[in-house]
Amino acid sequence: MMTIFNFSDALLGWYEKHGRKDLPWQQSVTPYRVWVSEIMLQQTQVSTVIPYYQRFMQRFPDIAALATANLDEVLSYWAGLGYYARGRNLHKSANIIHHQLGGELPEDIEQLQTLPGIGRSTAGAIMALAFHQRYAILDGNVKRVLSRFYAVEDWPGKPQVEKQLWLRAQALLPDKDFAKYTQAQMDLGATLCTRSRPDCQNCPLQTHCAAYAQNNVSDYPRPRPKKTVPVKQVQWLVVENKHQEILLLKRPAMGIWGGLWCFPEFTDSELETVCDRLEIPVTDAQILAGFQHTFTHFKLNIQPFKMALDDAFSVIEDKPDRIWVKIKDIEELALPAPVKALVNQL
DNA sequence: AACCCGGGGGA
DNA sequence: TCCCCAGGGTT
């Protein structure tokens, strides 16, 4: 008697033995806990997320706590995780839920996707993990697994390819155990069908994996087309007053490091112009060690300077987007990684 | 140094 | 509808 290979059965069987069941967001599961974890897990690996998740849930244990907190505090809990729009959107969505949707996450995929920060894949994950409904996800793990399983000959980020992968993902859904199945896919991609050195010998899908049959698993997924990245130059000014406080400016909500605190930044301006703009006296600046910060789309060459204001300067009061802060209190603030790195050098 | 990754917003 | 953007971590 011939049996047909069943993808979801194979995956679920593997999950029972080898899947992860002790992640923080798998304990006392609620839609809110699933939601926060899924947002943090966008672009970010489990091991990085865990400590942030613990701290975040301790401070914002439910939707009401998050909605009523101020955005700066939310961002300070996000600082270091990257992609700060996620934190802003999480806060914005919590407010929409708290004030307009009766305080609970909607149990409806269309409505979930209207909330800022929740796209199709995250909505699918919430529907499956929190509400046990039959929805597919298509995160990086699933894209990698399916690209290999079907030997997909194009970059999975390409819109046309992505569309096909969604269809595949939906076609493979089981008819029950949606939460387990969703977790199983993520676990397989994260722990076994990894980008480098996948453990094909222990893979439940090995017998029907097209890439494995071709003996070229590591050629999938096909890479993103390359682009050359521009290098940008920027100067940062570390201004210290007589109270050993540092001047930080809040960046605009849009763009790089939106809403986070940074050193005053300039590119070509004269020091005099910069001081003028900052309403501080022109003082000799000392050059500090430069360093580079790399993004996917560009590189940033950062040249910091330090300026110590003399006793004659009386501190101008803080404004909403401008603050004088003691080094030891700086940890409380939402700072991008290279700012934190420079602070640690001071 | 190259590569990875969900969603928003503008072209 | 497509392309660009964003940031820290891993390899």
Side-chain angles (χ1 to χ4, degrees), chain A residues 34-53 75 78-93 96 109 112-126 135-148 154-163 165-166 169 182 185-186 189-191 193-198 218-232 234 251-260 262 291-302 334-341:
Chain A
V34 169
W35 173 38
V36 173
S37 71
E38 286 300 319
I39 300 299
M40 286 190 172
L41 288 164
Q42 290 170 0
Q43 317 298 81
T44 313
Q45 300 221 333
V46 166
S47 58
T48 305
V49 164
I50 287 175
Y52 284 89
Y53 181 81
L75 286 179
W78 208 272
L81 258 187
Y83 287 101
Y84 301 97
R86 294 183 297 171
R88 270 199 306 283
N89 285 334
L90 196 62
H91 183 249
K92 197 190 278 182
S93 290
I96 295 171
I109 192 152
L112 281 175
Q113 284 184 248
T114 67
L115 294 169
I118 302 183
R120 186 174 175 186
S121 189
T122 300
I126 294 170
Y135 286 94
I137 61 168
L138 190 64
D139 68 353
N141 291 311
V142 179
K143 281 182 181 168
R144 185 170 53 254
V145 170
L146 296 186
S147 295
R148 287 173 175 165
D154 218 336
W155 176 53
K158 194 171 162 180
Q160 200 184 330
V161 177
E162 195 168 318
K163 201 172 162 187
L165 289 174
W166 270 113
T182 300
Q185 287 179 98
M186 300 191 290
T191 68
C193 193
T194 46
R195 181 157 71 92
S196 57
R197 304 164 51 125
S218 60
D219 291 341
Y220 300 89
R222 298 300 198 203
R224 160 198 286 272
K226 290 193 207 305
K227 274 189 281 268
T228 56
V229 297
V231 182
K232 298 181 189 176
V234 70
R251 304 184 64 98
M254 279 298 138
I256 185 175
W257 300 320
L260 273 69
C262 280
F291 59 101
Q292 193 173 68
H293 191 76
T294 311
F295 300 89
T296 303
H297 296 276
F298 65 96
K299 287 180 187 174
L300 204 54
N301 276 332
I302 301 166
L335 305 177
V339 174
K340 205 173 268 188

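Keep in mind the model is a prediction, meaning the values are calculated, not measured. Below, all heavy atoms of this structure are taken into account, side chains as well, without hydrogens, waters or symmetry copies. Lettering follows sequence order; numbering is per chain, from 1.
Between the side chain of A:Thr182 and the backbone N or O of A:Ala125, no donor-acceptor pair lies under 3.5 Å.
Within the 4.5 Å cutoff, the side chain of A:Cys193 has heavy atoms near those of the A:Arg148 side chain. Residues A:Gln42 and A:Tyr83 are not in side-chain contact: their nearest non-hydrogen atoms beyond the backbone lie 4.5 Å or more apart. Contact annotation: the side chain of A:Leu146 never approaches that of A:Lys143 to less than 4.5 Å [non-hydrogen atoms, C-beta and beyond].
A distance of 6.0 Å separates CZ in A:Arg251 from CH2 in A:Trp257, rounded to the nearest 0.5 Å. Between the CG atom of A:Leu90 and the CD atom of A:Glu38 there is a distance of 12.0 Å, given to the nearest 0.5 Å. With rounding to the nearest 0.5 Å, the separation of CD1 in A:Ile118 from CD in A:Gln113 is 9.0 Å.
Straight-line distance from the CG atom of A:Leu41 to the P atom of B:dG7: 12 Å, rounded to whole Å. Rounded to whole angstrom, the span from the CH2 atom of A:Trp35 across to the C1' atom of B:dG7 amounts to 15 Å. The CD-P distance, from A:Gln113 to B:dG8, rounds to 9 Å in whole Å. Separating the CG atom of A:Leu138 from the C1' atom of B:dG6 is a distance of 10 Å, rounded to the nearest angstrom. Following rounding to the nearest Å, A:Asn89 (CG) and C:dG7 (P) show an atom-to-atom distance of 12 Å. With rounding to whole Å, A:Arg224 atom CZ is found 12 Å from B:dG6 atom C1'. If you measure from atom CD of A:Gln42 to atom P of C:dC5, you get 20 Å, rounded to the nearest angstrom. One atom, NZ of A:Lys92, and another, C1' of B:dG7, lie 13 Å apart when rounded to the nearest Å.
When each of A:Ser196 and A:Ala337 is assigned the nucleotide of DNA chain C bearing its nearest heavy atom, the one mapping closer to the 5' terminus is A:Ala337. Comparing A:Arg195 and A:Leu81 against DNA chain C, the residue whose closest nucleotide sits nearer the 5' end is A:Leu81.
Comparing C:dA6 with B:dA11, their P atoms sit 15 Å apart, to the nearest whole Å. With both ends at atom P, the span from C:dT11 to B:dG6 equals 16 Å, rounded to whole Å.
Side-chain proximity of A:Ser121 to C:dT10, B:dG7, C:dG8: nearest is B:dG7. Listed nucleotides C:dC2, C:dG8, B:dG6 differ in distance to A:Pro159; the shortest reach to its side chain belongs to C:dC2. Which of C:dT10, B:dC5, C:dC3 sits closest to the side chain of A:Arg144 comes down to B:dC5. You'll find that the side chain of A:Gln45 is closest to C:dT10, out of C:dT10, B:dG6, C:dC2.
Considering only side-chain N and O atoms, A:Thr122 lies under 4.0 angstrom from the phosphate OP1 or OP2 of B:dG7. Put simply, A:Tyr52 has no side-chain N or O that comes within less than 4.0 Å of OP1 or OP2 on C:dG8.
Residue-level contact check: A:Gln43 touches the bases, meaning some heavy atom is under 4.0 Å from a base atom. Contact annotation for A:Arg86: no contact, since no heavy-atom pair falls under 4.0 Å across all strands. Among the heavy atoms of the strands, none lies under 4.0 Å from A:Leu300. Among the atoms of the strands shown, none is found under 4.0 Å from any heavy atom of A:Ile39. As judged by a 4.0 angstrom heavy-atom cut-off over every strand, A:Gly157 is placed among residues making no nucleic acid contact.
Pairs of Watson-Crick or G-U wobble type, with distances under 3.5 Å, assemble into runs of 3 or more in DNA chain B at these ranges: B:1-5 with C:7-11, B:7-11 with C:1-5.
Under the 3.5 Å distance criterion, with hydrogens and angles disregarded, no donor-acceptor pair is assigned to the side chains of A:Asn89 and A:Arg86.
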